[in-house]
Student: 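Please read through the structure below; I'll follow up with questions.
Letters A, B, ... are given to chains in the order of the sequence lines, protein chains preceding strands, and every chain is numbered from 1.
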Number of protein chains: 2
Amino acid sequence: MKQTATSSSIEDYVKVIYAFTEWQDKPITSSVLATRLGVANSSVSEMVRKLKDLGLVDHEPYSPIHLTAEGLSLALSMVRRHRLLETYLVQELGYTWDEVHDEAEQLEHAVSDHFIERMSAKLGHPVRDPHGDPIPDAHGNITMAPSHRLDELDPGHTGRISRISDHDPELLRHLESLGIGLDTQLTVVGRPRFGAGLQVRLDLSENDAGPQTLGDEVAASLWLASVGRHADCTVQELTGGSLMSPHSAQ
Amino acid sequence: MKQTATSSSIEDYVKVIYAFTEWQDKPITSSVLATRLGVANSSVSEMVRKLKDLGLVDHEPYSPIHLTAEGLSLALSMVRRHRLLETYLVQELGYTWDEVHDEAEQLEHAVSDHFIERMSAKLGHPVRDPHGDPIPDAHGNITMAPSHRLDELDPGHTGRISRISDHDPELLRHLESLGIGLDTQLTVVGRPRFGAGLQVRLDLSENDAGPQTLGDEVAASLWLASVGRHADCTVQELTGGSLMSPHSAQ
DNA sequence: GCAAATATTTAGGCTTACCGAAATCATAGG
DNA sequence: CCTATGATTTCGGTAAGCCTAAATATTTGC
Ligand SMILES: [Mn+2]
Ligand SMILES: [Mn+2]
Ligand SMILES: [Mn+2]
Ligand SMILES: [Mn+2]
């Protein structure tokens with residue numbers, strides 16, 4: 001398997017392309033990619049041409065961008081790195097879950113494969129990070145309970161929080177103050193007749209203060225796994241063999 | 001205090017300038033700096049001009065290169081990072097002492113100040129790394145037993161190994177096979193009449209196989225602290241206040 | 001003291017990854 | 001069907017860090 005030489009820019013591009021498709025089924029467009037990376041559209045056009053030359057993406061001009069098998073493999077490797085690092089920072093170094101993202105964003109490009117596997121072993125090979133995001137194993141397999149975004153669920157649905165968007169540290173601190181975290185059991189009660197938001201009830205809360213109303217942004221940042229309906233499922237990724245290890249050459 | 005914007009290149013230059021003067025008293029020259037960094041002489045000339053503009057070094061054309069107080073502060077911060085990382089990798093992630101250098105060389109540029117201080121706390125604020133190199137504290141103070149290179153000592157000297165050069169992993173593995181490590185007690189016995197090397201006796205070895213002969217390269221890589229003569233001494237560095245934290249802006 | 005050898009700097013170029021402005025393509029509304 | 005609008009790419013440029021080759025300064029040997 002070719003060990004394409006990578007840079008931290010290439011790694012971030014591929015990771016963002018993957019992340020977009022992880023929950024939306026459609027492929028990412030040039031301008032969305034630019035926004036997520038915080039660079040100009042023209043920079044994306046150039047870099048996508050380069051990624052195509054490297055065999056990491058498929059792309060026709062003026063069309064959305066798809067990862068190749070090789071690109072997917074690199075992306076999964078970066079996602080594994082990022083999420084293992086977040087988990088490690090919380091469990092071993094006492095970071096709070098709102099502090100870990102930026103640190104992991106830098107470290108993911110700097111640590112060796114050896115470091116990653118040591119960390120994974122020390123943590124007992126976890127399959128999800130502090131925000132519930134699934135951690136691919138060393139072969140790119142992902143294990144995750146089927147989940148839906150809270151704002152897309154009808155009243156009556158009940159389950160446990162399985163995933164929380166980690167991109168806004170303030171939102172994470174807000175959720176903490178509400179007593180909502182990973183694996184919190186809750187039920188969707190309804191929607192306020194006018195106005196925004198979603199009413200939910202925390203099922204196992206000690207101080208049961210009745211239903212709470214979550215803002216739209218909050219509800220869209222939470223995923224719910226239905227209780228007792230599905231077992232975790234493993235998705236075998238397309239990439240045969242181990243994840244690419246662009247970092248072992250360091 | 002100014003927070004000079006740094007890059008990993010700048011950090012490595014300043015660190016190597018400092019490392020040269022840590023045991024030799026003379027300042028480093030352009031070509032030695034080039035060799036240690038693995039870059040062309042011309043690259044050093046350019047970068048040194050830049051470091052001077054940034055106020056990190058003093059330099060007149062065709063003369064050796066000195067760190068300013070600000071440069072020293074940055075260098076000590078990088079040395080602290082590197083050596084704490086090496087210690088952490090050995091103690092918490094099960095690295096062997098010959099594996100840590102390259103990993104730390106990358107990580108030192110990527111971790112935040114927060115990460116460094118968490119690590120230091122978890123390790124109990126160690127004052128030396130796995131090779132005996134002193135770890136500056138957060139204010140730039142260095143604690144280290146006075147020591148001399150083994151190849152500069154006359155027969156009769158006795159003491160414990162206080163420092164071992166970490167630049168050649170093979171040498172470290174060789175020392176391990178000889179039963180020589182940090183704090184090993186030994187006595188300089190003499191020199192072979194002709195030929196190279198240095199004869200030493202391991203004082204507390206279980207299987208006392210008599211004196212061993214160390215090669216010149218080995219002897220020059222070991223430092224000995226005299227037993228029972230001096231207490232550790234603390235060197236207050238010139239820089240007032242805390243070490244520069246170019247990484248806190250990440 | 002001066003020429004040869006050595007050390008250092010300068011000059012001119014390259015690569016990566018950005019940018020803003022201009023050109024080009026795609027498509028939605030009329 | 002055809003144009004206006006927005007999305008995307010192309011074009012010319014910049015900055016950091018490196019390189020080789022050429023120029024210049026310093027040191028050494030006689
Ligand atoms: Mn990143
Ligand atoms: Mn996460
Ligand atoms: Mn380094
Ligand atoms: Mn060391």
Student: Remember a base hit wins even if backbone is also touched, and classify Ala40(B) as base, sugar-phosphate or nothing at under 4.0 Å, heavy atoms.
Tutor: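 Since a base atom lies under 4.0 Å of Ala40(B), the category is base.
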
Student: Only one of Leu76(A), Val127(A), Ile135(A) passes side-chain contact (heavy atoms from CB on, under 4.5 Å) with Ile142(A); say which it is.
Tutor: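 Going through the options one by one, the only one that passes is Leu76(A).
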
Student: Atom NE2 of His109(B) and atom P of dA16(D): how far apart are they, to the nearest Å?
Tutor: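 After rounding, the reported distance stands at 18 Å.
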
Student: Leu33(B) CG to dG17(D) C1': how many Å, rounded?
Tutor: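 From Leu33(B) CG to dG17(D) C1': 14 Å.
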
Student: Just how far, in rounded Å, is P of dG17(D) from CG of Leu51(B)?
Tutor: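 Distance, rounded to whole Å: 9 Å.
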
Student: From CD of Glu60(A) over to C1' of dT24(C), roughly how many Å is that when rounded to an integer?
Tutor: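 Checked: the CD to C1' distance equals 17 Å.
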
Student: Answer yes if the side chains of Glu86(A) and His131(A) hold a donor-acceptor pair under 3.5 Å, and no otherwise.
Tutor: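 Per modelled atom types, Glu86(A) and His131(A) side chains form a pair under 3.5 Å.
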
Student: Which residues pass the salt bridge (charged side-chain N to carboxylate O under 4.0 Å, His left out) test with Arg49(B), not counting sequence neighbours?
Tutor: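 Arg49(B): no salt bridge (charged side-chain N to carboxylate O under 4.0 Å, His left out) contacts found.
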
Student: Distance only, no hydrogens: is a donor on one side chain within 3.5 Å (strictly under) of an acceptor on the other, for Asp168(A) and His174(A)?
Tutor: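 Not at all, the side chains of Asp168(A) and His174(A) share no donor-acceptor pair under 3.5 Å.
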
Student: Using only side-chain N and O atoms of Ser45(B), determine if any of them is under 4.0 Å from OP1 or OP2 of dT10(C).
Tutor: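 Indeed not, no polar side-chain atom of Ser45(B) lies that close.
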
Student: Do the side-chain N or O atoms of Ser30(B) get closer than 4.0 angstrom to the phosphate oxygens (OP1, OP2) of dT9(C)?
Tutor: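 Answer is yes, contact under 4.0 Å.
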
Student: Taking only side-chain N and O atoms of Ser42(A), does any of them lie within less than 4.0 angstrom of OP1 or OP2 on dT8(D)?
Tutor: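 For Ser42(A), the contact criterion (side-chain N or O under 4.0 Å from OP1 or OP2 of dT8(D)) is not met.
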
Student: At less than 4.0 Å, is any side-chain N or O atom of Lys50(B) found next to OP1 or OP2 of dA15(D)? Yes or no.
Tutor: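 For Lys50(B), the contact criterion (side-chain N or O under 4.0 Å from OP1 or OP2 of dA15(D)) is not met.
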
Student: What is the distance from CD1 of Ile10(A) to C1' of dA17(C), rounded to the nearest Å?
Tutor: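 After rounding, the reported distance stands at 10 Å.
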
Student: Rounded to whole angstroms, how far apart are CD on Glu46(B) and C1' on dT9(C)?
Tutor: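 Answer to the nearest Å: 9 Å.
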
Student: Round to a whole Å and report the spacing from CG of Asn41(A) to P of dC18(C).
Tutor: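 Going from Asn41(A) (CG) to dC18(C) (P), I get 13 Å.
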
